[in-house]
Amino acid sequence: MNYWLFKSEPDAWSWDQQVAKGEEGEEWHGVRNYQARNNMRAMKIGDLGFFYHSNIGKEVVGIVEVCRESSPDSTTDDPRWDCVWIKAVEPMKRPFTLEDAKVMPGLEQMVLVNNTRLSVQPVTKEEWEIIRREGGL
DNA sequence: GCCAACGTTGGC
DNA sequence: GCCAACGTTGGC
């Protein structure tokens with residue numbers, strides 16, 4: 001079991017829209033970055049992730065689960081790009097902000113804090129548990 | 001809206 | 001294979 005973080009601008013695709021997709025989930029399409037793609041290729045069904053709102057909010061708003069492993073991105077014919085599907089599991093009771101992450105002991109090494117531009121990133125078990133707890137779950 | 005950080009592209 | 005130019009992301 002591995003843990004991840006998915007960034008989305010809520011203007012483009014929000015947590016509420018993700019929740020509305022229910023059990024079927026949604027293809028996490030549109031990623032055009034090798035590192036982010038490689039992270040998705042490493043994912044297994046059942047892996048969990050944080051759903052993070054970038055730009056507006058700048059906070060983790062919920063937890064998602066990988067429900068389909070990496071397959072070709074339906075929004076391009078370019079064979080380099082594929083992606084997973086994710087479904088909403090539960091919302092955070094309290095959103096966990098980027099600001100929180102910057103000052104929270106134990107999150108100094110977190111990718112979210114140190115590589116702001118990576119849109120699909122790994123999260124360690126320790127980081128996962130801290131943020132989950134701080135989110136009231 | 002600006003701009004720093006980073007990734008990608010393409011000329012050499 | 002290097003690196004300048006350019007494009008994009010995302011925090012502020």
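Lettering follows sequence order; numbering is per chain, from 1.
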Exceeds 12 heavy-atom contacts within 6.0 angstrom, atom CG of A/D11: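 Yes, enclosed.
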Given DNA chain B, 5'-ward residue of the pair A/T116 and A/R80, judged by closest heavy atom: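 Result: A/T116.
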Along DNA chain B (nearest heavy atom to each residue), the more 5'-positioned of A/N55 and A/N115: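 Counting from the 5' end, the first nearest nucleotide belongs to A/N55.
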Please output the side-chain donor-acceptor pairs of residues 43-53 of chain A that fall under 3.5 Å, not counting sequence neighbours, one pair per line with the distance.
unit_1: A/D47; atom_1: OD1; unit_2: A/N2; atom_2: N; d: 3.0
unit_1: A/D47; atom_1: OD2; unit_2: A/W4; atom_2: NE1; d: 3.0
unit_1: A/D47; atom_1: OD2; unit_2: A/K44; atom_2: N; d: 3.1
unit_1: A/H53; atom_1: NE2; unit_2: A/W15; atom_2: N; d: 3.0

Between A/T75 and A/D73: side-chain donor-acceptor atoms closer than 3.5 Å: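 A donor-acceptor contact under 3.5 Å links the two side chains.
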Positional range of nucleotides in DNA chain C within the contact set of chain A, heavy-atom, under 4.0 Å: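 For DNA chain C, the relevant span reads C/dG7 to C/dC12.
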Closest heavy-atom pair and its distance - A/E26, A/W13: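 Between these two residues, the closest heavy atoms are CG-CZ2, 3.7 Å.
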Members besides A/Y34 in its Ile/Leu/Val/Met/Phe/Trp/Tyr cluster (side-chain heavy atoms under 4.5 Å):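 Cluster partners of A/Y34: A/W81.
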